[in-house]
Amino acid sequence: MINKGHNRQILRIIMLGLIFFSGHISLKAQNKVLIIGIDGTRPDALLTAKTPNLDGLWQNGAYSFRAKTDPLSWSGVCWTSMLTGVWKEKHKVYSNSYKNPNVKDYPHFFRRAREQKPNLKTYSIANWKPVHTILQENDATVTIHRKTDAAVTKQVVKTLKNTDVDVLFLHLDNVDHAGHKYGYALENKKYIGAIEKTDKKVGEIIKALKKRKDYEKENWLVLVSTDHGGSGKGHGEAIPEHTTIFYIASGKDVTKGEIKKQVNVIDVAVTALKHLEVDIKKDWQLDGEVSGL
Ligand SMILES: [Zn+2]
């Protein structure tokens, strides 16, 4: 009789241990990254526009409104820098025509992430199709091009709702369209208006993110940035109006407040890799740094 009770006691201790141990494991949230790319958005225009959703992200997160993009401020050059973590001298994209990008040596950060974590589900959903040029086979689990920001947003919301996505990059283009058509200026109501409409889309996306079934168990880092600014009806030059960009990082692991150091467009990929707990190798020769974590 004594033995039986004793055994039962031991069994109870083992069971309690197992419960504690499994509880402990599930406490470790799965790290995930959402990158919202808003083409052609000047930081001063962002601060002029009424953007409650973006404000919610930066005011509760880490941010810089004096970050820098490539001096050659074309979309192709700058998106490639953002997504590879290196400057154009390495990735070799010098225009929007993406001639001979050096993706072998400096691939999209999706590839770096999946080299170490092959099970990561990586999604790229873009309005401007050329942004996908640098993706090699198997870099992205899913690559989707949509012709409008509304369709991109719809696809992103659907993806966040229904899939076990780990990394999602999305690209919205309407702000840049407004800049090219009406002018990139603070006093331009149509440019400012485009930013305000885009903010509503950001709101829909964040709402969908927070409604994920396992949102509380997941640890999302949301990064929001742009490829370049603009002046007049264009961009591409090495002047502050074109090269000054914003950078926002939001999530449990960010160090809240303004980021004091110089932030650069190349920091986006590196910060994403860091959050995904990828071991960032020296021989990758990345130019970017972790910003906001
Ligand atoms: Zn652009």
Side-chain angles (χ1 to χ4, degrees), residues 35-46 49 51 54 64-65 67-88 91-99 101 108-109 124-135 143-153 156 169-186 188 190-199 201-202 223-248 263-269 288:
I35 301 175
I36 302 176
I38 308 174
D39 209 299
T41 309
R42 282 174 56 153
D44 51 358
L46 177 62
T51 54
L54 288 162
S64 173
F65 293 109
K68 284 288 171 190
T69 195
D70 202 287
L72 188 61
S73 53
W74 298 112
S75 299
V77 181
C78 301
W79 287 120
T80 305
S81 296
M82 184 190 287
L83 296 169
T84 59
V86 298
W87 296 115
K88 64 180 177 307
H91 64 61
K92 304 288 181 196
V93 172
Y94 288 97
S95 72
N96 289 349
S97 63
Y98 286 81
K99 273 186 205 156
H108 195 292
F109 84 93
S124 188
I125 304 172
N127 183 337
W128 194 58
K129 200 179 177 184
V131 82
H132 289 148
T133 312
I134 59 164
L135 286 169
T143 308
I144 297 172
H145 167 235
R146 291 282 180 265
K147 286 177 183 163
T148 65
D149 283 3
V152 166
T153 304
V156 168
F169 168 76
L170 71 104
H171 167 273
L172 300 170
D173 219 1
N174 282 354
V175 175
D176 194 54
H177 291 168
H180 281 297
K181 201 167 177 186
Y182 308 110
Y184 299 79
L186 307 192
N188 188 323
K190 287 187 170 159
Y191 182 61
I192 298 297
I195 296 173
E196 292 176 349
K197 280 182 192 155
T198 299
D199 182 72
K201 293 189 168 62
V202 171
L223 299 173
V224 194
S225 193
T226 183
D227 54 340
H228 53 74
S231 64
K233 290 182 178 176
H235 55 86
E237 294 166 57
I239 57 172
E241 293 89 334
H242 297 189
T243 59
T244 309
I245 59 168
F246 68 93
Y247 175 94
I248 300 169
V263 177
N264 294 293
V265 72
I266 47 176
D267 296 352
V268 173

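Given the structure is predicted, the values throughout are model-derived calculations rather than measurements. Counting starts at 1 for both ligands and their atoms, following the listed order.
For His91 against Val86, the heavy-atom pair with the smallest separation is CD2-O, 3.1 Å.
Of all N, O or S atoms in Asp39, the one lying closest to the Zn ion (ligand 1) is OD1.
At a cut-off of 2.8 Å, Asp176 does not coordinate the Zn ion (ligand 1) through any N, O or S atom. Under 2.8 Å from the Zn ion (ligand 1) lies no N/O/S atom of Thr226, from backbone or side chain alike.
Defined by atom type and a distance below 3.5 Å, a donor-acceptor pair is missing between the side-chain atoms of Asn264 and Trp87.
Rounded to the nearest 10 degrees, the angle OD2 (Asp227) to the Zn ion (ligand 1) to NE2 (His228) equals 90°.
Residues Ile245 and Asp227 have side chains not in contact (no heavy-atom distance under 4.5 Å, counting atoms from C-beta outward). Inter-residue side-chain proximity for Asp176 and His235 is flagged as met; some heavy-atom pair is nearer than 4.5 Å.
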